[in-house]
Participant: 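Take this structure, written in structure tokens, and hold onto it; I'll ask about it next.
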Amino acid sequence: MAITAASCAFANNNIQYPAAPTGAVTDNYFGIEVTDSFRPLENDTAAATLQWVDAQRSITNEYLSKIPFRDKLRERIASFQNFKKSGLPSKENDGRYYFYENSGMQNQSILYRKDSINGNAEVFLDPNKLSDDGTVALTGVFMSPDGKFTAYTISRSGSDWSEIFILDTETKELLPDHIKWAKFTGAQWHGDGFFYSAYPAPEAGKEFSNANQNHRIYYHKIGSPQTDDVLFYEDKEHPLYFHSAFVPEGSHYIFLLAGGQGFGEAIKVKDLNDPTADWKIMEPSQDVTINLIDVVDDTIYFTTTADAPNGKLMTAPVSNPGRENWKELIAEGDAVMAAVQMAGDYLIVNYKRDASSHPALFDRNGNLLREIVMPAIANAAFSSSRHHDEVYYTVTNYLLPWAHYKYDLASGESSLIERASVPGFNPDDYVTEEMFYPSLDGTPVHIHLTYKKGIKRDGSNPVYLYGYGGFNISLGPAFSPNRLTWLENGGIYAEANLRGGSEYGDSWHEAGTKLQKKNVFDDFIAAALFLINEGYTSPQRIVIEGGSNGGLLVGACVNMRPDLFAVAIPRVGVMDMMRYHLFTIGWNWASDYGRSDDSAEMAAYLYSYSPMHNIKNDGTPYPAILVTTADHDDRVVPAHSFKYAAVLQAANTGDKPKLIRIDSKAGHGAGKPISKVIDEYADIYSFIYYNLGLTPTTE
């Protein structure tokens, strides 16, 4: 289907949409001809694109500014953000305790440290001082084994590009070392420097759109310029592989991980103490998931889904780490083995069952000692190390921002350290329940519903339905202050654990990939039907939202069932399934999606659900749609949202608004300052309430 520029004269809801730059290109995919009328929008630095972006911002801002309760709603959302956000303490190599904290309205959380767990805190690193507007985010901190130096990575304006800096840990003095054009990396310390991953410097003006190739590993010696960094590893035969290094703390072994073309990573290991040592293959394929935990006495501890979709814990000798020498330590169970970490002489295994945490303590021989009791619906994260016995963990769910506990390995007792409190919000007024519903093929799908106590199933409740369904990512109980205004106004927040995620292991993931991707959309549509049939809501009250792969989900489901939804919010979505692999790291998603150049069958399948290619143009009423993207998104480039919005605005889809919100100095979402988060959610919820015909309480 191709919609011409002439169609742009069609005005929805009395909005005259700006005409997008046109230059139709027809591509042939195994005999399938696909016309892209808005190909010029892929050039995000072209004058015509920038003019179109400015025009879109103008009409979106004009529309939103006329919503009478928008300013008050922004104040209410901001009030719910204004509470202390504190991270878990972590005992580091200098013997101090480090933790992140945000007093409430700071754009970025500050990294603090204390000499003792109950001591006074001092600021170690404040990312708010790295920019005037909070758009520089601290993305990682990596201390050397001797505690002398601390490397940290930053991101500017939400980009995936990283810069690396070095501090003297004791004095907090910034050293002259500065590394640019790093990506998807930390700092793996060894000797008097560290390993990191980077791409060649990109072409000027194409830093956020051109495909990334030739991911290399370098070694940086403290005190030297980046130009002196030694190229440690590259693979010229596979320019689309990701490459990362892992050096277990205190170890002289380096693991090389290669990914990007499968569900997992190929792994090999080498002895850094032997300059003549060859790489030893641990896993040659990228077909299974392997998570390296640690090396103890020349034994590798790791989890894997090889022959175990729910995961199992294994060991292997560093000297001969191939599959034939893997030994099972903890067998696969009926719950997903989501994470394993060392804690002194013990192992903490964080199982996930129905998307909630069920952690347990094991000894080093794999014997279960006890479960670590959690609330029924919650996620838990642990801070521990094999180098000491101190264990801390945090619990969160849809109604609890965080609660920190200290865990006694010997007795199994948990003692509360501190619990968050949000002014103006009483969690006792709300409830979360979980249930299963049948997908369109009968598959049971898990869902969490959170709402104010006492609601009636009379079909009148507004529902905010959220999903993701991809890339082996699990959704689960998590708190967001931005949705509290929805809950206090009687809205239901529904989160579905769709196929494509990791909630039920590898088999659940694979059931939502490639030629089975439509299972994900069917699961999401079935969630809406279930909520309608059970009397929770009606099509006139359903809002759907998702980001990135979830933006694809929303776009596809709107095309499939536009009658089911009142409002749709596709955020930073993958909207052109025929060309996604041509931008930045899009090629990395082929393991989930397949590619249009794979085969005629794959091309036809992608084309059949690609959001921008399946927008109806026959007067079928669509929900009100607010597309969101950002100018520094180099994960899912804004061209996806640009072209989708242009096709949407050019089509005859009824009289509800079809707008695009294009943020500036922002990226895919990570590291976004609180001020921008509040602005974005104020706009999103204003758009939602206004198009549901509801006026929210803002006091």
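Atoms considered below: every heavy atom in the structure, side chains included; atoms not considered: hydrogens, waters and symmetry mates.
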Participant: For the pair Ser502 (side chain) and Asn472 (backbone), establish whether a donor and an acceptor sit closer than 3.5 Å, ignoring hydrogens and angles.
Facilitator: yes

Participant: State, to 0.1 Å, how close Ala151 and Ile164 come at their nearest heavy-atom pair, and which atoms those are.
Facilitator: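 So the two residues come closest at CB-CG2, 4.3 Å.
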
Participant: Is Asp126 reaching over with its side chain to a backbone N or O of Asn128, donor-acceptor style, under 3.5 angstrom?
Facilitator: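 Indeed, once roles are kept as given, a pair shorter than 3.5 Å links the two residues.
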
Participant: Tell me the closest heavy-atom pair linking Val247 and Ser251, and the distance in Å.
Facilitator: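 Here Val247 and Ser251 meet closest at CG1-O, 3.8 Å.
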
Participant: From the options Phe165, Phe142, Phe124, select the one residue that forms a ring-ring contact (aromatic ring centres under 6.0 Å, His included) with Tyr152.
Facilitator: Phe165

Participant: Decide side chain to side chain contact (heavy atoms under 4.5 Å, CB included) for Ile300 and Leu292; before the verdict, give the C-alpha distance in whole Å, the side-chain angles of both, and the deciding distance to 0.1 Å.
Facilitator: CA-CA 8 Å; Ile300 308 167; Leu292 298 170; 4.0 Å; yes

Participant: Working to the nearest 0.5 Å, report the span between CG of Asp287 and CD of Gln261.
Facilitator: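 Taking CG in Asp287 and CD in Gln261, the distance rounds to 11.5 Å.
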
Participant: Can you see which heavy atom on Pro145 is nearest to which on Trp189, and at what distance?
Facilitator: CD-CB, 3.5 Å

Participant: Establish, from distance only, whether the side-chain atoms of Asp44 and Thr49 form a donor-acceptor pair under 3.5 Å.
Facilitator: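 Asp44 vs Thr49: no donor-acceptor pair found between side chains.
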
Participant: Which one of Phe195, Phe232, Tyr233, Tyr196 satisfies the ring-ring contact (aromatic ring centres under 6.0 Å, His included) criterion with Tyr219?
Facilitator: Phe195

Participant: Can you tell me if Thr394 uses its side chain to pair, donor with acceptor, with the backbone of Leu88 under 3.5 Å?
Facilitator: no

Participant: Return yes if some donor-acceptor pair links the side-chain N/O of Asp177 with the main-chain N/O of Gly223 below 3.5 Å, else return no.
Facilitator: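 Judged by distance alone, yes, a pair lies under 3.5 Å.
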
Participant: Answer yes or no: is there an ion pair linking Glu163 with Arg156, defined by an N-O contact shorter than 4.0 Å?
Facilitator: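 Salt bridge between Glu163 and Arg156, a charged N being under 4.0 Å from a carboxylate O: yes.
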
Participant: When you check the side-chain N and O atoms of Asp598 and Ser596, is any donor under 3.5 Å from an acceptor?
Facilitator: no

Participant: How long is the span from the CZ atom in Phe263 to the OG1 atom in Thr289, to the nearest 0.5 Å?
Facilitator: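 The distance works out to 8.5 Å.
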
Participant: As a test of understanding, state which of Trp587, Phe471, Tyr609 forms a ring-ring contact (aromatic ring centres under 6.0 Å, His included) with Tyr593.
Facilitator: Phe471

Participant: Could you tell me which non-hydrogen atom of Glu503 sits nearest to which non-hydrogen atom of Val336, and how far apart they are?
Facilitator: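 Looking at all heavy atoms of both residues, the closest pair is O-CG2, 3.5 Å.
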
Participant: So, Ser197 and Ser244: side-chain donor and acceptor under 3.5 Å apart, yes or no?
Facilitator: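 No, no side-chain donor-acceptor contact under 3.5 Å.
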
Participant: What I want to check is whether the side chains of His220 and Gln226 have a donor and an acceptor closer together than 3.5 Å.
Facilitator: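 The answer is no; no qualifying pair exists.
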
Participant: Is the side chain of Thr169 donor-acceptor paired with the backbone N or O of Lys148 at a distance under 3.5 Å, no angle test?
Facilitator: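 Checked: pair present.
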
